[in-house]
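Residues: numbered from 1 along the sequence shown. Atoms within each ligand, like the ligands themselves, are counted from 1 in listed order. Keep in mind that what you see is a predicted model, and the values were worked out from it rather than measured. These values consider heavy atoms only, across backbone and side chains, with no hydrogens, waters or symmetry-generated copies.
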Amino acid sequence: MKHIFRKGTDLAAPTLLLLHGTGGDENDLVPLAQLIHPGASVLSVRGNVLENGMPRFFRRLAEGVFDEEDLVYRTEELHEFLDQAAVQYQLDRENIVAVGYSNGANIAGSLLFHYSNPLRGAILYHPMVPRRGIPLPDMSGLSVFIGAGTNDPICSPLESEELKQLLASAGADVTLHWESNGHQLTRMEVETSAQWFAKQFSE
Ligand code: MLT
């Protein structure tokens, strides 16, 4: 997959796996990594699907309606890419934390739903429930931050709560943070997730 890798100065810190929103690319979230943990290594990936020229991580049939077959296929593709990148860049495969926005948060959620221990943690900004009606793997030891919007027109508050419940019922430790700026990713949300990250992984 097309990507950027930047080796950090704090090699004990988790590698930040950056996953952009629809229409973005691997450059978009790089500045966020600086805010979350400046010394962390960064692996920022571009989604392989194009929707009217806009990169995404998987196909959708309509706004908010995912192409499940493609979601499963693309989740496997990303999972395999992480295994390869860990070897190529000599990363600790067990110490990767995803940072995803919108469509990128959804593929990160899908990794968590479909694989055992694919990530050490995840910061999900404005995610949806990636799939329903499947058994979830044991998520004990996994830490997840969800940034949600009380007035997000794409990811409703009910869906944000549902995602929290699903992850928590599988054993994950979930922090749900609310903003009221629609589907936008805000500075406040990023700063709150940076504090959460420091508490989880650096103290
Ligand atoms: C998605 O398709 O993943 C969600 O609707 C979020 C978006 O990318 O608009």
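At least one heavy atom of Phe66 lies less than 4.0 angstrom from ligand 1.
If you check which protein heavy atom lies closest to atom 9 (O) of ligand 1, you get Arg60 NH1, 3.3 Å. Remark: minimum distance from atom 8 (O) of ligand 1 to any protein heavy atom is reached at Thr22 OG1, 2.5 Å. Counting protein heavy atoms only, atom 4 (C) of ligand 1 is closest to Asn106 ND2, 3.5 Å.
In the vicinity of Ser102, heavy-atom distances shorter than 4.0 Å reach the ligand 1 atoms 6 (C), 7 (C), 8 (O), 9 (O). Within the listing of ligand 1, atoms 4 (C), 5 (O) sit less than 4.0 angstrom from a heavy atom of Met128.
Looking only at atom types and distance, the side chain of His20 has no donor-acceptor partner in the side chain of Asp25 under 3.5 Å away.
Geometrically, Arg60 does not engage Phe58 in a cation-pi contact, judged by NZ or CZ lying under 6.0 Å from the ring centre and within 45° of the ring axis.
For the atom pair CG (Leu124) and OG (Ser102), the distance works out to 11.5 Å, reported to the nearest 0.5 Å. The structure places CE of Met139 at 5.5 Å from CG of Leu112, a figure rounded to the nearest 0.5 Å.
Counting heavy atoms closer than 4.0 Å to ligand 1, residue His126 contributes nothing at all.
Residue Val99 is grouped with residue Val30 when hydrophobic side chains (ILVMFWY) are merged at heavy-atom distances under 4.5 angstrom, including chains of intermediate members. The cluster map of Ile, Leu, Val, Met, Phe, Trp and Tyr, joined by side-chain heavy atoms under 4.5 Å apart, puts Leu167 and Val97 in different clusters.
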